[in-house]
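Step one of this worksheet: look at the structure below.
Bear in mind that the values here come from a model prediction, so they are computed numbers and not experimental data. Heavy atoms only: backbone and side chains are in, while hydrogens, waters and symmetry mates are out.
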Amino acid sequence: MDLPTHYYPPRYFETIREQPSEFSFGTDPTGRTIIRYRGARFFGVTAAMTDPDRRLEEMDRVGIDVEVLSLSTPNVFFADASRQSDVARMVNDAYAELAARHPKRFKGFASIPMDAPEAALAELHRAIGELKMQGVILLSNIRGRALTDPVYRPFFEEANRMRLCVFLHPMLPAHSEPFNEYVLGPLVGFPFDTTLAVARMCFDGMLARLPDIRWIIGHLGGAVPYLMERLDNGFRDFAECRAKIAELPSVYLKRLYYDTVTFSPHTLSMARDLLGADHMVMGSDYPHMLGSIDRAVSTIEAMRIPADDKERIFSATALSILNNV
């Protein structure tokens, strides 16, 4: 089971073009169509993003049975609060239609209009209750606002009640200027912002207060696994880091789930030793340029771990936490 993997209904790109926002289309030095955020590149458009038939061919080629589709950056957040609900419904309906055509091959994470609180709850219930989707996807910041902002609290309280699976996908940091060169946005900005978001949720007490949300952290958690001991030291050394939590950060961080989008067997082995295979899920990030549907499979197969652990990473962990499976 491949998650995350990303699919874009053709109408989605048209909608971004039509609406004035901080997102703009351009081309890179090779002529590839890209999307920029405040001038920083973070998205290269590939043909497979809108082509389900090509996607199925690639899945069959590498032996992937099921993909859990999601809408990565900028998700619905290129639109303002008044339009996010329309975009979310359009995308979620397209996912549900594709899953209905290929019920054994495609599942989906719903997009949520987080800046419209009542609409966010309504779309959450529609997506999980009516469309029978497998969870939701959120970004590491929403139009520059942290997920710990009180405006989002009712949504997360309901998500906790529902035992919702939430995939946390990176977004460029709110201050994107340092990432304008050398494609530093996806290379460095994404894992930076993921790490910041998870650390903030941990120290804020959000992970402690809402323990039943099943978080999947994208790109192997950014730098979270590497910094876990440093965050624990922060708890030991600084009163501010103990103000809202009662246990070491690693206690909460090891309860989260992490995808395998790194494609380094050495890094994956370190994560498995730290987190356990039952907190890792296979992901390809296909069809983004930094993703790889081939290496998503081959790097796990190359790990020197028991077959049962590989099976957990390939599918069993995901099946244990997704909604509506």
Side-chain angles (χ1 to χ4, degrees), residues 2-62 64 67 69-79 87 91 94 98 111 137 139-141 169-194 218-220 222-223 259-265 267 282-299:
D2 182 6
L3 66 138
T5 178
H6 303 301
Y7 171 70
Y8 303 84
R11 177 61 185 152
Y12 174 75
F13 288 131
E14 297 170 11
T15 305
I16 296 179
R17 289 185 184 274
E18 292 168 358
Q19 294 198 31
S21 71
E22 295 178 302
F23 299 90
S24 61
F25 281 83
T27 56
D28 69 10
T30 69
R32 182 186 302 275
T33 299
I34 62 173
I35 300 177
R36 294 188 177 93
Y37 172 63
R38 298 179 181 176
R41 171 179 174 159
F42 74 97
F43 192 115
V45 178
T46 65
M49 287 178 173
T50 58
D51 188 342
D53 291 335
R54 181 168 179 172
R55 181 179 293 269
L56 287 166
E57 291 175 4
E58 290 289 279
M59 291 167 65
D60 290 341
R61 182 177 62 81
V62 299
I64 291 175
E67 287 187 339
L69 308 173
S70 59
L71 189 71
S72 71
T73 53
N75 199 268
V76 304
F77 306 116
F78 64 90
V87 180
V91 171
L98 183 58
S111 297
I137 178 171
L139 303 187
S140 52
N141 74 76
H169 190 281
M171 176 56 186
L172 276 183
H175 301 290
S176 62
E177 292 81 2
F179 304 97
N180 284 354
E181 298 179 295
Y182 310 116
V183 200
L184 290 176
L187 295 176
V188 176
F190 276 11
F192 168 88
D193 207 63
T194 298
H219 300 183
L220 202 63
D259 75 26
T260 61
V261 179
T262 171
F263 313 130
S264 163
T267 307
M282 188 190 81
S284 70
D285 214 16
Y286 175 84
H288 282 288
M289 295 179 67
L290 290 174
S292 173
I293 199 169
D294 293 89
R295 296 177 71 194
V297 176
S298 63
T299 51

| query | Do T73 and H169 come within less than 4.5 Å of each other through their side chains, counting heavy atoms only? | reply | yes
| said: Between R61 and E58, does any NZ, NE, NH1 or NH2 come within less than 4.0 Å of an OD or OE carboxylate oxygen? | reply: yes
| field | Residue pair S111 / I137: nearest heavy atoms and the distance that separates them | value | OG-CG2, 3.9 Å
| query | What are the two closest non-hydrogen atoms of P170 and T194, and how far apart are they? | reply | CB-OG1, 3.1 Å
| request: Could you pull out the closest heavy-atom pair between P173 and F192, with the gap in Å? | output: CG-CD2, 3.6 Å
| task | First locate atom CG of N180, then atom CG of L184, and finally report the distance between them rounded to the nearest 0.5 Å. | result | 9.0 Å
| field | Side-chain touch F13/T50, heavy atoms, less than 4.5 angstrom | value | yes
| field | Test item: side-chain donor near acceptor, D28 and T30, under 3.5 Å | value | yes
| note | Between A94 and P9 the two heavy atoms that sit nearest each other are CB-CG, 3.6 Å
| request: Spell out, as yes or no, whether a donor-acceptor pair under 3.5 Å connects the side chain of D51 to the backbone of A47. | output: no
| task | Using atom types as modelled and distance alone, determine if a side-chain donor or acceptor of S70 lies under 3.5 Å from a backbone N or O of P4. | result | no
| request: Taking side chain to side chain donor-acceptor pair (under 3.5 Å) as the test, write out the residues that go with E177, two or more places apart. | output: none
| request: Look up atom OH in Y7 and atom CG in L69, then write down how far apart they are to the nearest 0.5 Å. | output: 8.5 Å
| side chain to side chain donor-acceptor pair (under 3.5 Å) involving N141 - partner list, sequence neighbours excluded | D193
| task | Hey, could you give me the CG/CE distance between D2 and M59, rounded to the nearest 0.5 Å? | result | 7.5 Å
| message | Determine whether I34 and T27 satisfy the following criterion, side chain to side chain contact (heavy atoms under 4.5 Å, CB included), listing intermediate values before the conclusion. | response | CA-CA 5 Å; I34 62 173; T27 56; 5.6 Å; no
| message | When you compare the side chains of S72 and H288, does any donor N or O come within less than 3.5 Å of an acceptor on the partner? | response | yes
| message | For L220, is there any backbone N or O sitting under 3.5 Å from a side-chain donor or acceptor partner on D259? | response | yes
| said: I'd like to know if the side chain of S140 reaches the main chain of M171, judged simply by a donor and an acceptor atom lying under 3.5 Å from each other, with no hydrogens or angles considered. | reply: yes
| Exam field: side chain S176 to backbone F179, donor-acceptor pair closer than 3.5 Å | no
| said: So that I can tick it off, tell me whether E14 and R11 are bridged by a salt bridge, with the cut-off set at under 4.0 angstrom between side-chain N and carboxylate O. | reply: yes
| request: Report yes if the side chains of F25 and I16 come closer than 4.5 Å at any heavy-atom pair, otherwise no. | output: yes
| request: Measure the CG-CZ distance between L71 and F77 for me, rounded to the nearest 0.5 Å. | output: 9.5 Å
| query | How far apart are the closest heavy atoms of Y286 and A48, and which atoms are they? | reply | OH-CB, 3.3 Å
| Roughly how far apart are T46 OG1 and M289 CE, rounded to 0.5 Å? | 8.5 Å
| request: Quick one: pull up CD1 in I64 and CE in M282 and give me the separation to the nearest 0.5 Å. | output: 4.0 Å
| Option passing side-chain contact (heavy atoms from CB on, under 4.5 Å) with V261 (candidates D285, L3, L290) | D285
| Does one side chain, of R55 or T5, offer a donor that lies under 3.5 Å from an acceptor on the other? | yes
| Who are the ring pair (Phe, Tyr, Trp, His ring centres under 6.0 Å) partners of Y12, not counting sequence neighbours? | Y8, F78
